[in-house]
Enquirer: 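Here it is, the structure, as C-alpha cells.
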There are 2 protein chains.
Amino acid sequence: MSQIQEIADVLKLLGDKNRLTIVALLKERELCVCEIVDILQTSQPNISQHMRKLKDGGLVKETKKGQWVYYALHIQDKPYVSEILKHIPSQKEQLKPVRCEDNECCT
Amino acid sequence: MSQIQEIADVLKLLGDKNRLTIVALLKERELCVCEIVDILQTSQPNISQHMRKLKDGGLVKETKKGQWVYYALHIQDKPYVSEILKHIPSQKEQLKPVRCEDNECCT
DNA sequence: TTTATGTATAATCAAATAATTATATATTTA
DNA sequence: TAAATATATAATTATTTGATTATACATAAA
C-alpha cells in the first residue's frame, strides 16, 4: 500500500470525534475500557469496537491486567499524529487521578 | 461545535486518499480542476465533488480565471494540517511546470 | 451564434461506517 | 462452584460516503 494511503487511513481513524477524544485521553496515560466508557458516555461495545479499529490501525497497544484491558498510545512511528495531538485541547480534566486496578473508579 | 469535533471533521476530510493527494498537490501551487482530474486519473465530477467538500471544510479557496476554476490551499488557521503535509511524500513530480491558462496542458 | 471546453449539480448505487442489542468469553470474588 | 465484573464478538440497522452517469451551466472560440 502506498505511503499516502497509509497516512490517509490513519487520518480516517482520527476523523471520528470519539476516537480522536480517546487518542487525546491516551496522551495523558493508559486507560482501561471501562474508564473510556465512563468518560465518553457511550456503550461498552461501542468503545470496544473503536479500540479494535485503533489497534488494527496500529495506533494503540493493549495490555491485560487481571480482568482489565488497558490501552496505551503507540505512535512512535507516526510523528504526524503527535503533531496533531499537540493541537487538541487537553482532556486531562476528564481523567480520574488513579487507575482502575488501583481503585474502584468504574463501579 | 466543539473544537475537537472541528478537528475530527478536518481529519475525516483528509482521511481519503484522493483528497489527501489533492491537498498535497496544492502545497506546491494552485491547480485547476482539469489538472487534478488528469493527475488522479478519475472522473471530473468525482474531483468536483471532492473539491466542494474541501471548500466546505475550509481547506481550499477557489478562484475563477476565465473558464478555469483554480483551487488553492487555505490552511493558515489550521497549523496541524501543515504539520501533516510535511510528512507526506512530495507530489511535485506529478505536476506539469505551467498552469492551464498559460498552456494547453489539459487538452 | 453555434460549437467546444471546463466545471458544477443531481440522481443513483454499492460499500463502508457508527451505533445498538444480544450474547459469549474471561477473570475475579463470594 | 456460582455469581459478578470487565471486555469482546456477532448480528442488525440507519446513515454516510465515494463513485458513476446524466445533465446543466458558464465561458471561450469558430
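All values derive from a computational prediction rather than experimental measurement. Each chain gets a letter, A, B and so on, in the order its sequence line appears, and its residues count up from 1.
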Enquirer: Find the distance A:D56:CG to D:dA8:P and express it as a whole number of Å.
Expert: 12 Å
Enquirer: Within this structure, what is the CE-to-P distance between B:M51 and C:dT7, rounded to whole angstrom?
Expert: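 Interatomic distance, CE of B:M51 to P of C:dT7: 11 Å.
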Enquirer: Let me know the distance between NZ of B:K17 and C1' of C:dA16, rounded to the nearest Å.
Expert: 18 Å
Enquirer: So A:M51 and A:L54, do their side chains get closer than 4.5 Å, heavy atoms only?
Expert: yes
Enquirer: Could you state the atom-to-atom distance from CG of A:D16 to P of C:dT17 in whole Å?
Expert: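 In whole Å, C:dT17 P lies 11 Å from A:D16 CG.
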Enquirer: Return the value, rounded to whole Å, for the distance between atom OH of B:Y70 and atom C1' of C:dA8.
Expert: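 Result: 18 Å.
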Enquirer: List the atom of B:A24, the atom of B:I88, and the distance in Å for their closest heavy-atom pair.
Expert: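 For B:A24 and B:I88, the tightest heavy-atom pair comes out as CB-CG2, 4.0 Å.
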Enquirer: Does the side chain of B:V60 come within less than 4.5 Å of B:H74's, by heavy atoms?
Expert: no
Enquirer: Nearest of C:dT7, C:dT5, C:dT27 to any side-chain atom of A:Q67?
Expert: C:dT27
Enquirer: Let me know the distance between NZ of B:K65 and P of D:dA28, rounded to the nearest Å.
Expert: 14 Å
Enquirer: Within the structure, does a side-chain N or O atom of B:R19 lie under 4.0 Å from either OP1 or OP2 of D:dG18?
Expert: yes
Enquirer: Assess the residue pair A:L85 and A:I75 against the criterion (side-chain contact (heavy atoms from CB on, under 4.5 Å)); give the C-alpha distance rounded to whole Å, side-chain angles, the decisive distance to 0.1 Å, and a yes or no.
Expert: CA-CA 11 Å; A:L85 291 186; A:I75 55 172; 4.0 Å; yes
Enquirer: Let me spell it out: for each of B:V33 and A:G15, pick the nucleotide of DNA chain C with the closest heavy atom. Which residue's pick is nearer the 5' end?
Expert: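 The residue mapped nearer the 5' terminus is B:V33.
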Enquirer: Hey, does B:I4 have a side-chain heavy atom less than 4.5 Å from the side chain of A:Q91?
Expert: yes
Enquirer: Considering just the side-chain nitrogens and oxygens of A:Y71, establish if one lies under 4.0 Å of OP1 or OP2 belonging to D:dA6.
Expert: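 The answer is no; no side-chain N or O of A:Y71 sits under 4.0 Å from OP1 or OP2.
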Enquirer: For DNA chain C, which residues in residues 42-50 of chain A have a heavy atom at a distance below 4.0 Å?
Expert: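 When residues 42-50 of chain A is checked for heavy atoms under 4.0 Å from DNA chain C, the hits, listed by number, are A:T42, A:S43, A:P45, A:N46, A:Q49, A:H50.
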Enquirer: Rounded to whole angstrom units, what separation is found between the CG atom of A:L31 and the P atom of D:dA6?
Expert: 15 Å
Enquirer: Can you tell me how far P of C:dT17 sits from CG of A:L54, to the nearest Å?
Expert: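 My rounded result for the distance is 13 Å.
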Enquirer: Under 4.0 Å between a side-chain N or O of B:R52 and OP1 or OP2 of C:dT9?
Expert: yes
Enquirer: Counting any heavy atom closer than 4.0 Å, what does B:K12 reach on the DNA or RNA strands: base, sugar-phosphate only, or nothing?
Expert: sugar-phosphate
Enquirer: Can you find a heavy atom in the side chain of B:I22 that is under 4.5 Å from one in the side chain of B:Y71?
Expert: no
Enquirer: Could you check B:I39 against B:L95 for side-chain contact (heavy atoms from CB on, under 4.5 Å), going step by step and ending with a plain yes or no?
Expert: CA-CA 8 Å; B:I39 294 171; B:L95 293 177; 3.7 Å; yes
